[in-house]
Enquirer: 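Can you keep this structure in mind? I'll have questions shortly.
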Amino acid sequence: MSVLLTLGVLLLALPVVVATRAVLRARRAARTLTVATTGRVLRVRAGVAEVSAWRQARRSGNDRQHTA
């Protein structure tokens with residue numbers, strides 16, 4: 001009887017371990033994706049701000065570069 005109980009516990013523990021590892025792997029991947037996406041968003045926003053500042057400078061006449 002104790003052998004069956006031990007075997008049953010082991011067989012139930014295996015899917016729990018596999019599922020836990022899958023969840024942890026997914027959480028790590030989600031964190032990595034979040035960091036990568038946040039970095040890209042910050043770079044895009046910085047680029048948009050730079051273009052906006054350049055356009056504002058062109059409109060106000062403070063642009064010192066002259067195109068031929």
Side-chain angles (χ1 to χ4, degrees):
M1 183 69 177
S2 63
V3 173
L4 283 176
L5 183 62
T6 304
L7 186 60
V9 169
L10 288 176
L11 287 176
L12 288 176
L14 183 62
V16 170
V17 169
V18 170
T20 302
R21 285 183 180 174
V23 168
L24 291 175
R25 190 178 324 118
R27 289 181 72 192
R28 281 193 305 267
R31 175 70 179 145
T32 301
L33 183 60
T34 299
V35 169
T37 303
T38 301
R40 286 186 179 96
V41 167
L42 290 176
R43 286 193 299 272
V44 167
R45 285 183 182 161
V48 168
E50 187 175 342
V51 169
S52 296
W54 176 80
R55 285 181 177 165
Q56 183 63 33
R58 296 269 303 178
R59 285 188 202 117
S60 66
N62 292 335
D63 186 25
R64 298 184 190 272
Q65 292 179 342
H66 298 288
T67 57

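Hydrogens, waters and symmetry mates play no part in the numbers below; they use all other heavy atoms, side chains included.
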Enquirer: What residues, two or more places apart in sequence or in another chain, satisfy side-chain contact (heavy atoms from CB on, under 4.5 Å) together with R28?
Expert: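 L24, R25.
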
Enquirer: T34: which residues meet the side-chain contact (heavy atoms from CB on, under 4.5 Å) condition with it, sequence neighbours left out?
Expert: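 Listed in chain order: T38.
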
Enquirer: Using a 4.5 Å cut-off between side-chain heavy atoms of Ile, Leu, Val, Met, Phe, Trp and Tyr, which other residues end up in the same hydrophobic cluster as V23?
Expert: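 Grouped by the 4.5 Å side-chain rule, V23 forms a cluster of one, so the answer is none.
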
Enquirer: Only one of V3, L4, L10 clears side-chain contact (heavy atoms from CB on, under 4.5 Å) with T6; which?
Expert: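 Exactly one pass, corresponding to L10.
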
Enquirer: List the atom of T20, the atom of V16, and the distance in Å for their closest heavy-atom pair.
Expert: OG1-O, 2.7 Å

Enquirer: The criterion is side-chain contact (heavy atoms from CB on, under 4.5 Å); which residues satisfy it with R40, sequence neighbours excluded?
Expert: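 Here the qualifying residues are A36, R43.
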
Enquirer: Under 4.5 Å between side-chain heavy atoms, chaining through other members, with only Ile, Leu, Val, Met, Phe, Trp and Tyr counted: pull out the rest of the cluster around L7, sorted by chain and number.
Expert: L11

Enquirer: Rest of the hydrophobic cluster containing V44 (Ile/Leu/Val/Met/Phe/Trp/Tyr, side-chain heavy atoms under 4.5 Å)?
Expert: V48

